[in-house]
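A quick note: this is a predicted structure, and the numbers were derived from the prediction, not measured.
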Amino acid sequence: MPIFHMPDRPWMKGPNTFDMAGPVSELNSIITNTALFSGMAQEPNGTIFLYSKQPGHVFAYMVPETGFNASQTAGTQGPSIHFGPDGSLIMVTSHGTFTAMPYFHNVDDFEALVDSAFGMQMTMTYQADGSFIINYPGLPYGFSLRPDPEAVFGDGTDTAGLKLPPGLTDFSPFSLRYTDGFSQNFRPAFAHADEVMAGLGKLPGMSNIQMNADGSISVTWTDGQVSYRLTLMSSMVVSNADTTNITPGFSQSQDGSWWYTYANGLMQRFRIEATLGQ
């Protein structure tokens, strides 16, 4: 499957994606017959838009290079789309199966509006799990976030820019109003969710580990005869640790806060919610 090389962005590493002209054409043959969606298109920058039949609602996705599996073809079943528990859009076509992750409604607009709010130019890395990390020069910390795929058109009375909720904390979601009138929500996300999930898998009693559509991670912890479903929710703030003495894994600070230290030395706080059962 041909790789679609996105225009070089000095502020963003990648991503490269796929030329989806053929798969999108196949999928449009069935999407128009669904109750929820009216069509799909790929923009010149690689963004895939899934258009809702509900006016003013559109969903944005990106297929990372790791999101293609040539062996999982539609065969005689025909093309299909469905959503994964991690918020992915899974597209089965005769070309193979493409797994797309949530993306920006307008990535250039996002960059300009957030840079304007901070008064400086960001560097940003979009990752294969749909999260992205923002860094600003001179700051000892960055931000790890994940977009909701859905953008909703407003009534035209609000101005473009960041929209922060009252009582904002580093665990709070927020929204961005784009210059075209659409708004998209962003949520805190683990900077490297794959490391956190692998770390959970090494702990005793842990099973059924899953990344969720909101960027949180769920795991079942069995303690004797009792099982709990734990949900780990990250802070949006990612701190730079001492890279000369890295001990990757989970830790708890003196104030009771939980932290995860990544292999590259970044540290991120998270909180845990527990419910009885699996």
Side-chain angles (χ1 to χ4, degrees), residues 84-88 101-102 114 124-136 139-150 162-176 184-224 226-243 246-278:
D86 59 353
S88 58
M101 302 306 297
V114 176
M124 180 165 66
T125 304
Y126 179 78
Q127 305 186 113
D129 64 2
S131 65
F132 61 95
I133 301 174
I134 291 176
N135 288 287
Y136 281 97
L139 294 183
Y141 56 85
F143 303 95
S144 182
L145 299 160
R146 195 171 198 254
D148 285 356
E150 184 179 23
L162 289 172
K163 307 299 174 183
L164 307 179
L168 175 75
T169 73
D170 54 331
F171 288 95
S172 302
F174 63 89
S175 66
L176 181 88
Q184 186 176 23
N185 291 331
F186 295 84
R187 303 176 185 275
F190 285 99
H192 302 290
D194 55 341
E195 287 191 37
V196 178
M197 296 170 73
L200 287 170
K202 296 176 182 177
L203 299 177
M206 299 293 188
S207 63
N208 193 18
I209 303 168
Q210 174 183 295
M211 184 173 175
N212 302 312
D214 62 0
S216 65
I217 295 174
S218 294
V219 59
T220 298
W221 173 46
T222 303
D223 182 19
V226 182
S227 292
Y228 301 88
R229 191 63 175 166
L230 309 180
T231 300
L232 283 62
M233 295 163 289
S234 71
S235 162
M236 71 173 74
V237 178
V238 183
S239 304
N240 295 325
D242 180 4
T243 56
I246 301 172
T247 305
F250 299 95
S251 61
Q252 194 170 20
S253 60
Q254 292 183 350
D255 64 2
S257 299
W258 284 100
W259 293 79
Y260 193 86
T261 301
Y262 298 101
N264 61 3
L266 296 179
M267 294 183 66
Q268 192 170 21
R269 190 161 63 101
F270 65 92
R271 63 187 187 190
I272 303 174
E273 290 185 356
T275 56
L276 190 62
Q278 304 191 22

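- Contact detail for A263 and P248: the closest heavy-atom pair is CA-CG, 4.0 Å.
- Residues L266 and H192 come closest through the heavy atom pair CD1-NE2, 4.3 Å.
- A pairwise comparison of heavy atoms in G130 and P147 identifies O-CD, 3.2 Å as the closest pair.
- Other residues, nucleotides and ligands contribute more than 12 heavy atoms inside 6.0 Å of the CZ atom of F250.
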Practice item. Begin from the C-alpha positions of W221 and L203 and carry the test side chain to side chain contact (heavy atoms under 4.5 Å, CB included) through to its verdict. Key: CA-CA 9 Å; W221 173 46; L203 299 177; over 6 Å; no
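- Among residues two or more places apart in sequence or in another chain, the side-chain hydrogen bond (donor to acceptor under 3.5 Å, both in side chains) test is passed with D170 by S235, R269.
- For the atom pair CD1 of I134 and OG of S144, the computed distance is 9.5 Å after rounding to the nearest 0.5 Å.
- A 4.5 Å side-chain heavy-atom check between T231 and S216 finds at least one atom pair inside the cut-off.
- Side-chain atoms of S239 never come within 3.5 Å of backbone atoms of Y141 as a donor-acceptor pair (strictly under, hydrogens ignored).
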Exercise for review: Walk me through it: do M206 and L230 pass the test side chain to side chain contact (heavy atoms under 4.5 Å, CB included)?
Suggested key: CA-CA 10 Å; M206 299 293 188; L230 309 180; 4.3 Å; yes
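- Residue T222 comes nearest to S227 through the heavy atom pair OG1-OG, 3.0 Å, listed as atom of the first residue, atom of the second, then distance.
- Of all the heavy atoms in A191 and Q127, the pair that sits closest is O-NE2, 2.7 Å.
- The minimum heavy-atom distance linking S207 with R229 is given by the pair O-NH1, 4.0 Å.
- Interatomic distance, M101 CE to Y126 OH, rounded to the nearest 0.5 Å: 6.5 Å.
- For the side-chain hydrogen bond (donor to acceptor under 3.5 Å, both in side chains) test, no residue two or more places apart in sequence or in another chain qualifies with E195.
- Interatomic distance, CZ of R271 versus CG of L232, reported as 11.5 Å (0.5 Å rounding).
- Checking Q210 against N212 by side-chain atom types alone, a donor-acceptor pair falls below 3.5 Å.
- Between Y136 and V114, the closest side-chain pair of non-hydrogen atoms falls below 4.5 Å.
- D148 CG to F186 CZ: the interatomic distance, rounded to the nearest 0.5 Å, is 8.5 Å.
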Practice item. Go through Y228 and L276 one step at a time and tell me if the side chain to side chain contact (heavy atoms under 4.5 Å, CB included) criterion holds. Key: CA-CA 5 Å; Y228 301 88; L276 190 62; 3.7 Å; yes
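- Once rounded to the nearest 0.5 Å, the distance linking CG of D86 with CD1 of I217 reads 11.0 Å.
- A donor-acceptor pair is defined here as one N or O able to donate and one able to accept, closer than 3.5 Å; such a pair exists between the side chain of R146 and the backbone of A213.
- By the 4.5 Å heavy-atom criterion applied to side chains, F143 and V238 are not counted as neighbours.
- The main-chain N or O of A189 is found under 3.5 Å from a side-chain atom of S234 such that the two form a donor-acceptor pair.
- Rounded to the nearest 0.5 Å, atoms CD (Q268) and CH2 (W259) are 9.0 Å apart.
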